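Keep in mind the model is a prediction, meaning the values are calculated, not measured. Both backbone and side-chain heavy atoms feed into the values below; hydrogens, waters and symmetry mates do not.
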Amino acid sequence: MPSLKETKTRIGSVKSTLQITSAMKMVAAAKLHRAQQAIAGMLPYHEKLHGILGNLLAGEGVRSSLESPLLNTGTSPRVAVVAFSSNASLCGGFNATAVKSFLNELDALQAEGITREQIDVYAIGKKIAEACRKVGVKPLLDASYLLDKPAYEPAAQLAQQLIERFVKGEIGRVVLLYNHYKSNAAQPPVRETYLPLVLPESSARASEEDLIVEPGRKEVVESLLPKVLLLKLYTVMMDSFAAEQAARTVAMQLASDNAEELIGQLTLEYNKRRQQAITSELLDIVGGSLA
């Protein structure tokens, strides 16, 4: 049984841990708030861009006349997998889910007959990069730096690199793997095909709108497609970043709650044993005076 001094030392240690988890929770909550603001700021632009694209595609013969290489599966057997995780731990099961999704994708691609040498991995997060090395896969690019200070320009540069490789025929497909921020309690894994691009279906309302487009619907649509792809990768990165901060906020809250509960238990135990020690000393004194 630990001594009173050991119990008091342990209480102090748990209190120090509580201060750390509480601070990490506040930092994660602040980052989550900023990520939510960034996503909310992108939504009007994102919706308007897709609305314009949908209206233009409603034109007669526009969809069938498109010849953009971004819409057709490449002939190359190589597949680019852009996998997102976090750069740090202490975020619950966030990274475990991301790594499991990544390993499942590798198995699925191999089941299609694609060898690991034909898979180009773009690791967005140190935990995914570490998982690659553990399974003997060398990432083509470790872009963990994107998560240090998430911004549009670096994400757009990576998207442009993927688009150029796809258009040149160096890769035939691009797949995105990330955790989606559904709520603070849920960050489910998501798999999306980034390239070839799947265009939105035109609505009946869009076909009724009288639009004057110069130089033409087809030309404008083809110029919009790369912009949609650049925005898409940044949106996914911010979604994954928000999911990470939500997972960390919840994990640190649970850790703080457990620390507070443990402090209460240890304090109660300390007080009981201290009282027992005082009572024992008093009995010894009384017994000695009566002898």
Do [X] and [Y] belong together in a cluster built from hydrophobic side chains that touch within less than 4.5 Å?
{"X": "L177", "Y": "V79", "value": "yes"}
{"X": "I114", "Y": "V174", "value": "no"}
{"X": "L158", "Y": "V228", "value": "yes"}
{"X": "Y178", "Y": "M237", "value": "yes"}
{"X": "L18", "Y": "V27", "value": "no"}

To the nearest 0.5 Å, tell me how far [X] [atom1] sits from [Y] [atom2].
{"X": "K15", "Y": "S13", "atom1": "NZ", "atom2": "OG", "answer": "12.0 Å"}
{"X": "T21", "Y": "M26", "atom1": "OG1", "atom2": "CE", "answer": "9.5 Å"}
{"X": "R10", "Y": "I263", "atom1": "CZ", "atom2": "CD1", "answer": "11.0 Å"}
{"X": "M24", "Y": "R248", "atom1": "CE", "atom2": "CZ", "answer": "5.5 Å"}
{"X": "Q265", "Y": "T7", "atom1": "CD", "atom2": "OG1", "answer": "12.5 Å"}
{"X": "I119", "Y": "L109", "atom1": "CD1", "atom2": "CG", "answer": "4.5 Å"}

Taking Q275 for its side chain and K272 for its backbone only, find out whether a donor-acceptor pair lies under 3.5 Å.
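Not at all, since once roles are kept as given, no pair shorter than 3.5 Å links the two residues.
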
Polar side-chain atom of S280 near backbone of Q276 as donor-acceptor pair, under 3.5 Å:
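No, because the side chain of S280 does not come within donor-acceptor range (under 3.5 Å) of the backbone of Q276.
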
Quick one: which residue pairs count as a salt bridge (Lys or Arg N to Asp or Glu O under 4.0 Å) with a foot in residues 138-157, not counting sequence neighbours?
R133-D142

Test side-chain contact (heavy atoms from CB on, under 4.5 Å) on M42 and M238 and set out the steps.
CA-CA 10 Å; M42 285 188 297; M238 293 306 300; 4.2 Å; yes

[X] versus [Y], closest heavy-atom pair with distance:
{"X": "N87", "Y": "G125", "value": "OD1-CA, 3.3 Å"}
{"X": "L230", "Y": "A159", "value": "CD2-CB, 3.5 Å"}
{"X": "F102", "Y": "A83", "value": "CD1-CB, 4.0 Å"}
{"X": "L162", "Y": "I171", "value": "O-CD1, 4.0 Å"}
{"X": "F241", "Y": "A35", "value": "CD2-CB, 3.8 Å"}
{"X": "L147", "Y": "S85", "value": "CD1-O, 3.2 Å"}

Among all residues two or more places apart in sequence or in another chain, which pass the salt bridge (charged side-chain N to carboxylate O under 4.0 Å, His left out) test with E260?
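Testing E260 for salt bridge (charged side-chain N to carboxylate O under 4.0 Å, His left out), a comparison that skips the adjacent residues, returns none.
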
Would you call [X] and [Y] a side-chain contact if the rule is heavy atoms closer than 4.5 Å?
{"X": "S101", "Y": "R191", "result": "no"}
{"X": "M252", "Y": "S22", "result": "no"}
{"X": "P196", "Y": "N72", "result": "no"}
{"X": "V190", "Y": "N179", "result": "no"}
{"X": "L262", "Y": "I11", "result": "no"}
{"X": "V81", "Y": "L176", "result": "no"}

May I ask you to say whether E130 pairs ionically with K134, meaning some side-chain N is under 4.0 Å from a carboxylate O?
no

Quick one: do E244 and K31 make a salt bridge, cutoff under 4.0 Å?
no

When you compare the side chains of D257 and Q253, does any donor N or O come within less than 3.5 Å of an acceptor on the partner?
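Looking only at side-chain atoms, Q253 and D257 do form a donor-acceptor pair, the distance falling under 3.5 Å.
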
Assess, by modelled atom type and distance only, whether the side chains of Q245 and Y181 contain a donor and an acceptor separated by less than 3.5 Å.
no

By side-chain hydrogen bond (donor to acceptor under 3.5 Å, both in side chains) - contacts of E170 (at least two apart):
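Testing E170 for side-chain hydrogen bond (donor to acceptor under 3.5 Å, both in side chains), a comparison that skips the adjacent residues, returns R165.
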
Quick one: side-chain hydrogen bond (donor to acceptor under 3.5 Å, both in side chains) pairs with a partner in residues 73-83, sequence neighbours left out?
R78-D120

Apply the test salt bridge (charged side-chain N to carboxylate O under 4.0 Å, His left out) to residues K168 and E164: give CA-CA distance (whole Å), side-chain angles for both, the deciding distance (0.1 Å), then the verdict.
CA-CA 6 Å; K168 290 178 181 178; E164 289 175 359; 5.0 Å; no

Option among V175, I124, I128, V121 that satisfies the side chain to side chain contact (heavy atoms under 4.5 Å, CB included) test with V82
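Result: among V175, I124, I128, V121, I124 is the only option passing the side chain to side chain contact (heavy atoms under 4.5 Å, CB included) with V82.
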
For residues 88-100, dump all side-chain donor-acceptor pairs below 3.5 Å to protein atoms at least two apart in sequence or in another chain.
| from | atom 1 | to | atom 2 | distance (Å) |
| --- | --- | --- | --- | --- |
| S89 | OG | K127 | NZ | 3.0 |
| N95 | OD1 | S86 | N | 3.1 |
| N95 | OD1 | S86 | OG | 3.0 |
| N95 | ND2 | S86 | OG | 2.9 |
| N95 | ND2 | A88 | O | 3.2 |
| T97 | OG1 | G93 | O | 2.9 |

Return yes when atom CZ of R116 has more than 12 non-hydrogen atoms of other residues, nucleotides or ligands closer than 6.0 Å, and no otherwise.
yes

Can you list the steps and then say if Q110 with T115 is a side-chain contact (heavy atoms from CB on, under 4.5 Å)?
CA-CA 6 Å; Q110 287 182 301; T115 65; over 6 Å; no

Quick one, K232 with V236, criterion side-chain contact (heavy atoms from CB on, under 4.5 Å). Give me CA distance, side-chain angles, the key distance, then yes/no.
CA-CA 6 Å; K232 174 64 177 177; V236 168; 3.9 Å; yes

Run E269 and R274 through salt bridge (charged side-chain N to carboxylate O under 4.0 Å, His left out) and show every step you take.
CA-CA 8 Å; E269 178 186 345; R274 183 170 176 270; over 6 Å; no

Report the hydrophobic cluster partners of L254, with the cluster defined as I, L, V, M, F, W, Y residues connected by side-chain heavy atoms closer than 4.5 angstrom, directly or transitively.
V250

Kindly determine whether Y122 and Q161 satisfy side-chain contact (heavy atoms from CB on, under 4.5 Å), including the steps that lead there.
CA-CA 11 Å; Y122 289 77; Q161 179 182 338; 3.7 Å; yes

